Amino acid sequence: MVVEKEFLSYSDQVNLLRKRGLSIDDQDECEKFLSRVNYYRLSGYFRYWQEDPRNGDNRFMKGSSFVTIHGLYIAEEEFKVACFLLLQSLEVLVRTRFAYYYAHRVSPKGFLPKALDSRSYRRRRRGVQ
């Protein structure tokens with residue numbers, strides 16, 4: 001089933017949100033935010049403040065505001081950046097430790113010694129040197 005949707009300008013999108021009960025104090029700020037983030041991306045955040053979105057009731061609960069949803073979105077973006085920075089450092093640490101351990105235990109040359117090389121092993125099994 002294909003749902004037909006008509007094009008809505010940013011202004012129309014803000015009006016739709018208001019019609020559904022979202023409190024929006026600053027029309028221009030909301031339009032600018034929608035132009036940077038997009039309505040569809042924000043719709044995932046809207047769901048937490050809507051009456052029954054799974055069953056098509058996209059009205060916002062009483063007291064829902066754009067300021068709250070905007071704040072949550074910004075906080076989540078900042079959290080993602082912080083996690084990325086931590087994971088980036090962790091990745092370097094793990095690769096460094098692995099390279100150190102590998103060089104110490106297996107080979108500092110960066111490859112397996114001939115005795116452990118899979119092609120060499122197969123040739124030896126077949127009796128070929």
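Scope of the values below: all heavy atoms of this structure, side chains included, with no hydrogens, waters or symmetry mates. Predicted model, so just to flag it, every value in this text is computed and none were measured.
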Trainee: When rounded to the nearest 0.5 angstrom, what distance separates OH in Tyr48 from CE in Met61?
Mentor: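 Going from the OH atom of Tyr48 to the CE atom of Met61 covers 11.5 Å.
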Trainee: Can you label the angle between the Phe66 ring and the His70 ring as parallel, tilted or perpendicular, going by 30° and 60°?
Mentor: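 The rings of Phe66 and His70 sit tilted, inter-plane angle from 30° to 60°.
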Trainee: Is there side-chain contact between Asp52 and Arg59, with at least one heavy-atom pair below 4.5 Å?
Mentor: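 Side chain of Asp52 against side chain of Arg59, heavy atoms only: no contact under 4.5 Å found.
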Trainee: Do the non-hydrogen side-chain atoms of Phe60 and Ile69 ever get within less than 4.5 Å of each other?
Mentor: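 SC-SC contact between Phe60 and Ile69 confirmed.
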Trainee: Not counting sequence neighbours, which residues clear side chain to side chain donor-acceptor pair (under 3.5 Å) with Ser65? List them please.
Mentor: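 For Ser65 the side chain to side chain donor-acceptor pair (under 3.5 Å) partners, ignoring immediate neighbours, are Thr68.
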Trainee: When clusters are formed by joining ILVMFWY residues with side-chain heavy atoms under 4.5 Å apart, either directly or through shared neighbours, do Ile74 and Tyr45 land in the same one?
Mentor: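 Yes, because Ile74 and Tyr45 connect within a single hydrophobic cluster, where side-chain heavy atoms sit under 4.5 Å apart.
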Trainee: Nearest 0.5 angstrom please: Glu31 CD to Asp26 CG, how far?
Mentor: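 It comes to 9.5 Å.
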Trainee: For Arg36, look at atom CZ and say whether over 12 heavy atoms of other residues, nucleotides or ligands are found less than 6.0 Å away.
Mentor: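 Above 12, so yes.
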Trainee: Under 3.5 Å, which donor-acceptor pairs link side chains of residues 10-18 to any protein atom two or more places apart or in another chain?
Mentor:
{"unit_1": "Asp12", "atom_1": "OD2", "unit_2": "Ser9", "atom_2": "OG", "d": "3.2"}
{"unit_1": "Gln13", "atom_1": "NE2", "unit_2": "Leu8", "atom_2": "O", "d": "3.0"}
{"unit_1": "Asn15", "atom_1": "ND2", "unit_2": "Ser11", "atom_2": "O", "d": "3.3"}
{"unit_1": "Arg18", "atom_1": "NH1", "unit_2": "Gln27", "atom_2": "OE1", "d": "2.3"}
{"unit_1": "Arg18", "atom_1": "NH2", "unit_2": "Ile24", "atom_2": "O", "d": "2.7"}

Trainee: If you measure from CD on Gln50 to CG on Asn55, what distance do you get to the nearest 0.5 Å?
Mentor: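 So the CD of Gln50 and the CG of Asn55 are separated by 12.5 Å.
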Trainee: Measuring only between side-chain heavy atoms, which start at C-beta, is Phe33 closer than 4.5 Å to Cys30?
Mentor: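 Of all side-chain heavy-atom pairs linking Cys30 with Phe33, none is under 4.5 Å.
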Trainee: For residues 66-77, which residue pairs qualify under salt bridge (charged side-chain N to carboxylate O under 4.0 Å, His left out), counting only residues two or more places apart or in two chains?
Mentor: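 Listed once each, the pairs are Arg41-Glu77, Glu77-Lys80.
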Trainee: Any side-chain heavy atom of Phe46 sitting closer than 4.5 Å to one from Asn58?
Mentor: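 Sidechains of Asn58 and Phe46: no contact.
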Trainee: Using side chain to side chain donor-acceptor pair (under 3.5 Å) as the criterion, list what pairs up with Asp25, not counting sequence neighbours.
Mentor: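 In terms of side chain to side chain donor-acceptor pair (under 3.5 Å), with neighbours along the sequence ignored, Asp25 is linked to no residue.
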Trainee: Side-chain donor-acceptor pairs under 3.5 Å in residues 82-95, sequence neighbours left out?
Mentor:
{"unit_1": "Ser89", "atom_1": "OG", "unit_2": "Leu85", "atom_2": "O", "d": "3.3"}

Trainee: Run the side chain to side chain donor-acceptor pair (under 3.5 Å) test against Asp28 and tell me which residues pass, sequence neighbours left out.
Mentor: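 Applying side chain to side chain donor-acceptor pair (under 3.5 Å) to Asp28 gives none.
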